[in-house]
Amino acid sequence: MRARLLPLLLLLATPAAAQGLSGAETAALVADAMARAGVPGTPPVPVRALPPCSHTPHVGALNGRWSTAELRCDAPAWKRALRTSAPASHAPRAPEAEDATFAGVALIRPLARGSVIAAGDLASGPEAARWRSDLIGRRLKVALGPGQPILPRHLEPDWLVTRGGPVALRVAAGPIEVLAPAEALEDGGLGDLVEVRNLSSGATLRATVTARNLAEVRPNMR
C-alpha cells in the first residue's frame with residue numbers, strides 16, 4: 001500500500017530548508033508583515049521550510065483575517081497558510097483598500113455566478129500578471145461581464161479544500177503514515193474539521209485541514 005502511495009508522497013514533499021526559507025525565517029517574515037499592518041500577536045515557527053521562491057514571498061491576511069496568514073510566491077506559483085495568535089476578529093484593512101486589491105484586473109468574457117476563474121478568462125497586462133496566481137482557481141460569488149473589474153467582494157473565500165475537490169488524506173498511527181486519495185464533501189480553511197470521502201474505501205471521515213488540498217485524520221476523530 002505504501003508503495004502505491006509513494007508518488008503522492010513525493011508530490012507533496014516539502015523541500016529542505018536550504019532550498020527555501022526556514023521555519024524561523026518564515027515566522028520572522030510573517031511577524032514583520034503583521035507588525036506593519038498593526039496587528040497584535042506572533043506566529044509560531046513552522047516545522048517545515050517554505051518551497052523555493054524567486055523573490056521574498058508576499059504575506060497577507062487569509063480572507064482578510066490575520067488569524068491565518070497567507071504566504072504567496074509568483075515564480076514558481078505557490079501559496080501557504082500559517083496560523084497566528086492574532087484575534088480572529090482583527091481585520092485592519094478598510095473596505096475601500098480591499099476593493100483596490102485587484103485594481104486593473106478585468107475579465108475578457110462573461111462568467112456566471114459560481115464559475116471558477118481560469119487563466120484564459122483574465123485580460124492581459126501588468127496588473128493581470130501580478131495577480132494571476134491569486135485569481136486563477138477562485139470561485140465567483142456574482143456574475144461578471146467582460147471588462148468588469150474583479151474585486152475581492154466578488155470572490156468566494158479562498159478555501160484550502162473545496163467541496164467536490166481532491167484531498168490528500170493523511171492518516172498517522174505511531175511511526176506509520178499513510179496518504180490516501182479523498183474527496184472533500186465541504187469547504188474548509190486551515191484548522192477546520194471537514195467531512196471527506198476516502199476514494200479507496202468509500203468511507204466518510206472527519207479530518208482537519210492542514211494545508212491546501214491536504215487534511216489529516218487525528219486520533220479519536222470519528
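Please read all numbers here as calculations on a predicted model, not as lab measurements. Hydrogens, waters and symmetry mates play no part in the numbers below; they use all other heavy atoms, side chains included.
- Summarising the geometry, atom CZ belonging to R212 is positioned 11.5 Å from atom CG belonging to L214; distances are rounded to the nearest 0.5 Å.
- Taking CG of D187 as the start and OG1 of T162 as the end, the distance is 6.5 Å to the nearest 0.5 Å.
- For the pair R139 (side chain) and G114 (backbone), a donor-acceptor distance under 3.5 Å is present.
- The line from CG of L193 to CD of E216 is 11.5 Å long, rounded to the nearest 0.5 Å.
- Across all non-hydrogen atoms, the minimal contact from R80 to L50 is CG-CD2, 3.9 Å.
- For E183 and R197, the salt-bridge test passes: some basic side-chain N is under 4.0 Å from an acidic carboxylate O.
- With contacts defined as side-chain heavy-atom distances shorter than 4.5 Å, the pair L144/H154 qualifies.
- Residue A182 comes nearest to L169 through the heavy atom pair CB-CB, 4.0 Å, listed as atom of the first residue, atom of the second, then distance.
- When the options T68, V30, V59 are evaluated for a side chain to side chain contact (heavy atoms under 4.5 Å, CB included) with P43, the one that passes is V30.
- Within the structure, every pair that satisfies the side chain to side chain donor-acceptor pair (under 3.5 Å) test and touches residues 109-121, not counting sequence neighbours, is listed here: R109-D121.
- Looking only at distances, no side-chain donor or acceptor of D192 sits under 3.5 Å from a matching main-chain atom of V194.
- The minimum heavy-atom distance linking W78 with P52 is given by the pair NE1-O, 2.9 Å.
- For CZ of R72, the number of neighbouring non-hydrogen atoms (other residues, nucleotides, ligands) closer than 6.0 Å is greater than 12.
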